[in-house]
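The block underneath contains the structure these notes are about, expressed in structure tokens.
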Amino acid sequence: MLYIGIDLGTSSVKLLLTDEKGAILKTVSREYPLFFPQAGWSEQNPEDWLKETAAGIRELTADCDKSKVAGIGCCGQMHGLVALDKDDGVIRPAILWNDGRTSEETDYLNTVIGKDKLSEYTANIAFAGFTAPKVLWVKKHEPENFAKISKVMLPKDYINYMFTGTFCTDVSDASGTLMFDVKNKRWSAEMLDICGLKAEQLPTVYESCQVIGTLKESMAEELGLPSAVKVCAGAADNAGAAVGTGTVGDGICNISLGTSGTIFITSKDFRVDPNNALHAFAHADGNFHLMGCMLSAASCNKWWQDNVLGSEDYSGEESKIPEEMLGKNRVFFLPYLMGERSPINDTEARGTFIGLSMDTDRAAMKLAVLEGVAFAMRDSFEVARSLGLNIGISRICGGGAKSPLWRKIFANVLNIDICTVETEEGPGYGGAILAAVACGEWKNVQQASTALLKIKETVSPEPGLEALYEERYKQFRQIYPTLKGLFPILNKM
């Protein structure tokens with residue numbers, strides 16, 4: 001049988017087709033627009049997601065025996081607010097995960113409601129990117145739209161709803177709304193009351209590999225697939241990427257270097273960071289995980305290449321960086337181009353170069369961007385280590401993971417082994433695995449993921465280089481606290 005995995009990303013939807021043995025037969029990618037109505041805002045039209053996903057599936061299955069397509073699994077960008085009216089029309093553009101407009105609502109939740117209460121209700125505190133602050137923002141600033149809301153859902157759930165007519169989400173995506181009781185895997189009545197929502201406005205929650213339904217006749221006709229195709233609940237993109245890299249079970253780590261950057265640490269037991277610097281979420285394998293998320297990761301590299309250098313030659317720019325410069329770069333870069341989540345939770349923070357001098361060249365600045373992302377990721381690693389988690393090895397995925405230089409930097413900045421897997425399709429592959437489990441190809445997610453994912457390459461830290469980066473990281477850690485008070489002033493100019 002054949003399975004379709006969908007990765008509904010921020011800039012594009014990526015789709016892949018696999019057979020029952022997990023072999024990838026074909027991949028397709030289709031882009032859609034991203035809108036920035038104001039500084040710090042980030043929106044998309046859900047209709048664009050559906051249009052390009054449907055077109056992508058038609059392209060993906062154009063040459064295969066469509067009768068053999070058994071299941072679809074969709075993973076997608078987290079936290080986005082999709083609001084539908086009573087006729088299932090999209091009320092306003094979706095407010096995305098990297099949107100920073102909700103600083104007042106976030107402050108209200110953390111200070112007035114209180115972090116202790118939020119952690120009690122949801123196992124997390126408020127971050128600007130989460131869904132609950134977005135709901136409060138719409139309630140305050142667009143009361144006419146808030147009054148129209150019949151259904152609140154997350155981005156990938158909109159695709160699933162359009163495909164099947166089932167109003168649902170999965171535990172991993174629900175965890176990132178700040179309206180979900182993660183420990184007990186149910187919506188928090190207290191948070192619904194705070195947000196002014198009723199239980200019927202929120203979707204039914206499934207485990208990621210559960211079947212939510214089959215394709216509606218109209219959608220099956222549009223996609224050119226049998227209406228008997230099963231659709232599973234799917235997962236949040238990071239949980240899907242974890243499944244797609246074999247990061248399942250207990251005590252396994254994955255780094256995702258996509259538009260955003262995450263560390264993802266699996267746990268069979270529910271646990272919470274007492275300072276809530278890391279998110280405590282449910283995992284797509286039926287267990288739990290801790291996650292640190294930085295808003296700008298590979299997108300920092302893309303910004304440097306596209307907006308500043310005007311060059312698409314990523315590897316060419318990396319080749320200009322001398323080997324002897326690693327660990328000795330005098331230029332630092334704060335990668336807070338969209339503010340930051342883990343662990344500083346500061347929407348006012350901004351990107352910064354520091355340490356420039358007359359002999360600074362483009363190689364030094366390019367290296368500073370790559371190192372800055374790794375240093376900021378280590379901030380979350382330090383929180384995990386403070387909890388007694390011994391992380392000696394991590395998988396890595398995402399567009400940034402394709403860079404051998406960046407993998408080497410990460411290995412030495414974090415002082416751990418960095419592994420790539422043979423199949424590097426992340427959330428899309430995770431979606432296909434979930435679909436296969438839903439259709440009975442595998443007993444459970446861990447069995448499927450463990451069987452299908454193999455380590456391809458391991459990069460280990462180098463003692464001399466690791467020591468140099470240890471000193472550089474100590475210097476990096478002083479920059480943000482020094483500049484923190486300046487960012488709000490600059491942002492008002």
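Since we're looking at a predicted model, the values are computed, not measured.
- A perpendicular orientation is assigned to the rings of Phe270 and Phe288, their planes being inclined by more than 60° (bins at 30° and 60°).
- Using a 4.0 Å cut-off between charged side-chain N and carboxylate O, Asp269 and Arg271 make no salt bridge.
- In this structure, Ile354 CD1 and Leu334 CG are separated by 7.5 Å, a value rounded to the nearest 0.5 Å.
- Between the side chains of Thr10 and Trp97, at least one donor N or O lies within less than 3.5 Å of an accepting N or O.
- In terms of modelled atom types and a separation under 3.5 Å, the side chain of Asp313 and the main chain of Ser311 share no donor-acceptor contact.
- Summarising the geometry of Ala349 relative to Ile344, their closest heavy-atom pair is CB-CD1, 4.3 Å, with the distance given to 0.1 Å.
- Lys139 pairs by the salt bridge (Lys or Arg N to Asp or Glu O under 4.0 Å) definition with nothing, not counting sequence neighbours.
- A salt bridge links Lys156 with Asp170: the distance from a Lys NZ or Arg NE/NH1/NH2 to an Asp or Glu carboxylate oxygen falls below 4.0 Å.
- Centroid-to-centroid, the aromatic rings of Phe487 and Tyr336 stay 6.0 Å apart or farther.
- Here the side chain of Thr53 pairs no donor or acceptor atom with the backbone of Leu50 at under 3.5 angstrom.
- Lys26 places a side-chain N or O within donor-acceptor distance of the main-chain N or O of Glu59, the cut-off being under 3.5 Å.
- Nearest heavy-atom pair, Pro274 versus Leu387, reported as atom, atom and distance to 0.1 Å: CD-CD2, 3.6 Å.
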Steps toward salt bridge (Lys or Arg N to Asp or Glu O under 4.0 Å) verdict (Glu382, Arg477):
CA-CA 11 Å; Glu382 291 303 312; Arg477 292 198 69 176; 5.1 Å; no

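- For His283 (side chain) and Thr247 (main-chain N/O), a donor-acceptor pair under 3.5 Å exists by modelled atom type.
- For the residue pair Gln446 / Asp285, no side-chain donor-acceptor distance below 3.5 Å is found, with atom types taken as modelled.
- Note: Cys293 SG to Met291 CE = 5.5 Å, rounded to the nearest 0.5 Å.
- Less than 6.0 angstrom separates the ring centroid of Phe127 from the ring centroid of His279.
- For the residue pair Thr458 / Asp417, no side-chain donor-acceptor distance below 3.5 Å is found, with atom types taken as modelled.
- Distance CG/Leu202 to CE/Met153: 10.0 Å, rounded to 0.5 Å.
- A cation-pi arrangement is absent between Lys302 and Tyr314 under the rule of less than 6.0 angstrom and at most 45 degrees off the ring axis.
- Here the shortest heavy-atom pairing between Ala235 and Gly240 reads CB-N, 4.0 Å.
- A salt bridge links Arg378 to Glu470: at least one charged side-chain nitrogen sits closer than 4.0 Å to a carboxylate oxygen.
- Under the rule for a side chain to side chain donor-acceptor pair (under 3.5 Å), the partners of Ser403 that lie at least two apart in sequence or sit in another chain are Glu318.
- Contact check on Glu207 versus Lys185 returns a salt bridge, with a Lys/Arg side-chain nitrogen under 4.0 Å from an Asp/Glu carboxylate oxygen.
- Using a cut-off of 4.0 Å between Lys/Arg side-chain N and Asp/Glu carboxylate O, Arg92 and Glu142 are scored as salt-bridged.
- Ring pair Phe281/Phe130 is tilted by interplanar angle, where 30° to 60° counts as tilted.
- Remark: Asp99 CG to Gln44 CD distance equals 11.5 Å, nearest 0.5 Å.
- With Arg101 as the partner, the side-chain hydrogen bond (donor to acceptor under 3.5 Å, both in side chains) test is satisfied by one option alone out of His141, Glu43, Gln38: Glu43.
- Considering CD of Glu371 and CG of Asn412, their distance stands at 10.5 Å, rounded to 0.5 Å.
- One side chain, Asp346 or Tyr480, offers a donor N or O that lies under 3.5 Å from an acceptor on the other.
- With Phe333 as reference, Phe353 is the one residue of Trp304, Phe353, Phe375 to meet the ring pair (Phe, Tyr, Trp, His ring centres under 6.0 Å) rule.
- Glu466 CD to Ile416 CD1: the interatomic distance, rounded to the nearest 0.5 Å, is 11.5 Å.
- Summarising the local packing, CG of Asn307 is surrounded by more than 12 heavy atoms from other residues, nucleotides or ligands at distances under 6.0 Å.
- Side-chain polar atoms of Asn329 and Tyr469 form no donor-acceptor pair below 3.5 angstrom.
- Between the side chain of Ser12 and the backbone N or O of Glu31 there is no donor-acceptor pair closer than 3.5 Å.
- Pairing each heavy atom of Ala128 with each of Asn345, the nearest pair is N-OD1, 4.5 Å.
- A side-chain donor-acceptor contact under 3.5 Å links Ser208 to the backbone of Gly234.
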